[in-house]
K.L.:
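Please see the structure below; I have some questions.
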Amino acid sequence: GTSTQTEAQATTSTKSSLLKTTSSTTSKGTMDVTDIVKSAMPSIVSITSKSVQEVENYFGMFGGRNSIQQQEVESAGSGIIIGKNDSELLIATNNHVIDGAETVSVSFVDNETYEATIKPDSDKDLAVVAVPLSSISSDTMSKISVATIGDSSKLEVGEQVVAIGNALGYGQSVTTGIVSATNRTLDSEDSSEAS
């Protein structure tokens, strides 16, 4: 009985070491999401935009007078700090996040919120939001950073990716995925873009 038990332990030990060896030699593509989030989160912002839209009120459905009224609408999205010049912190976002906005505010990783101005490019659904450096506290500046931008031409199918953003305006969230394709053309209502 003793020799059988020792043999079983040796077999288990061998399998365990093989698994460890295998996992360490195939570590390409594995990520520690926690480290990635800690590194990237200071560059991610939440964006809230407010606009005024005309909507038909209840009485308008029955042909009543003054059926159109103005209503403030709030939308939310994500942005990433992509640069800083002498006077502004520059944040990239989607144009649809700020489209038609009268005011835009940016919340940083420390939950401090600042007013921003818009520099849109609606043809590509891109926009740059600028926050004046003079309005950002030194405490906030110490907690944020400009993102390190990768080279998308080196991206390979099957690589793991991490998405961090202000999904549906609920605050920052994190998810992971796998690159399923590269060099695809996406058709939108206004234009075609390669991705």
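Note that these values count all heavy atoms, side chains included, but never hydrogens, waters or copies made by symmetry.
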K.L.:
Output, in order, the C-alpha distance, side-chain angles, deciding distance and verdict of side-chain contact (heavy atoms from CB on, under 4.5 Å) for K50 and E74.
P.N.:
CA-CA 5 Å; K50 293 181 182 177; E74 190 174 279; 3.0 Å; yes
K.L.:
Going through the distances and angles, do I80 and I44 end up as a side-chain contact (heavy atoms from CB on, under 4.5 Å)?
P.N.:
CA-CA 5 Å; I80 184 166; I44 308 299; 4.1 Å; yes
K.L.:
Taking D139's backbone N and O only, do any of them form a donor-acceptor pair with S142's side chain (distance below 3.5 Å, no angle check)?
P.N.:
yes
K.L.:
Examine distances only and state if a side-chain atom of E88 and a backbone atom of N85 form a donor-acceptor pair shorter than 3.5 Å.
P.N.:
no
K.L.:
With rounding to the nearest 0.5 angstrom, report the OG to CD1 distance, S78 to I91.
P.N.:
11.5 Å
K.L.:
Would you say E156 and V179 make side-chain contact, with heavy atoms under 4.5 Å?
P.N.:
no
K.L.:
Between L133 and M141, is the side-chain contact (heavy atoms from CB on, under 4.5 Å) condition met? List the steps.
P.N.:
CA-CA 9 Å; L133 291 176; M141 287 300 291; 4.0 Å; yes
K.L.:
Within the distance-only criterion (no hydrogens, no angle test), does the side chain of N94 pair as donor or acceptor with the backbone N or O of V97 below 3.5 angstrom?
P.N.:
no
K.L.:
Sub-3.5 Å donor-acceptor pair from the side chain of Y114 to the main-chain atoms of P132, do we have one?
P.N.:
no
K.L.:
L89 versus V106: any side-chain heavy-atom pair under 4.5 Å?
P.N.:
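They are not in contact (no side-chain heavy atoms under 4.5 Å apart), so the answer is no.
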K.L.:
To the nearest 0.5 angstrom, please state how far the OG atom of S43 sits from the CD1 atom of I149.
P.N.:
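If I round to the nearest 0.5 Å, the distance is 8.0 Å.
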K.L.:
What pair of heavy atoms forms the shortest contact from T103 to E115, and how long is it?
P.N.:
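Looking at all heavy atoms of both residues, the shortest contact is CB-OE1, 4.1 Å.
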K.L.:
What is the minimum heavy-atom distance between S49 and V104, and which atoms define it?
P.N.:
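Shortest heavy-atom separation between S49 and V104 comes out as CB-CG2, 4.1 Å.
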K.L.:
More than 12 heavy atoms of other residues, nucleotides or ligands under 6.0 Å from CG of D86: yes or no?
P.N.:
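For D86, atom CG is not crowded (no more than 12 foreign heavy atoms under 6.0 Å).
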K.L.:
Measuring from I47:CD1 to T93:OG1, what's the distance to the nearest 0.5 Å?
P.N.:
3.5 Å
K.L.:
Indicate the atoms forming the closest heavy-atom contact of P42 with K143, along with that distance.
P.N.:
CB-O, 3.4 Å
K.L.:
Is any side-chain heavy atom of V33 closer than 4.5 Å to one of Q160?
P.N.:
no
K.L.:
Can you tell me how far CD1 of I144 sits from CZ of F108, rounded to the nearest 0.5 angstrom?
P.N.:
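The distance works out to 4.5 Å.
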K.L.:
Mind checking the CG-NZ spacing from L126 to K119? Nearest 0.5 Å is all I need.
P.N.:
14.5 Å
K.L.:
Looking only at heavy atoms, which two atoms of V131 and A116 are closest? And how far apart?
P.N.:
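Taking V131 first and A116 second, the nearest heavy atoms are CG2-CB, 3.8 Å.
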K.L.:
Distance from I98 atom CD1 to T48 atom OG1, nearest 0.5 Å?
P.N.:
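Taking CD1 in I98 and OG1 in T48, the distance rounds to 13.0 Å.
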K.L.:
Main chain of S107, side chain of T113: is a donor-acceptor contact present, judged purely on distance under 3.5 Å?
P.N.:
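No; zero donor-acceptor contacts below 3.5 Å.
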K.L.:
Are any side-chain N or O atoms of Q172 and backbone N or O atoms of N166, one a donor and one an acceptor, separated by less than 3.5 Å?
P.N.:
yes
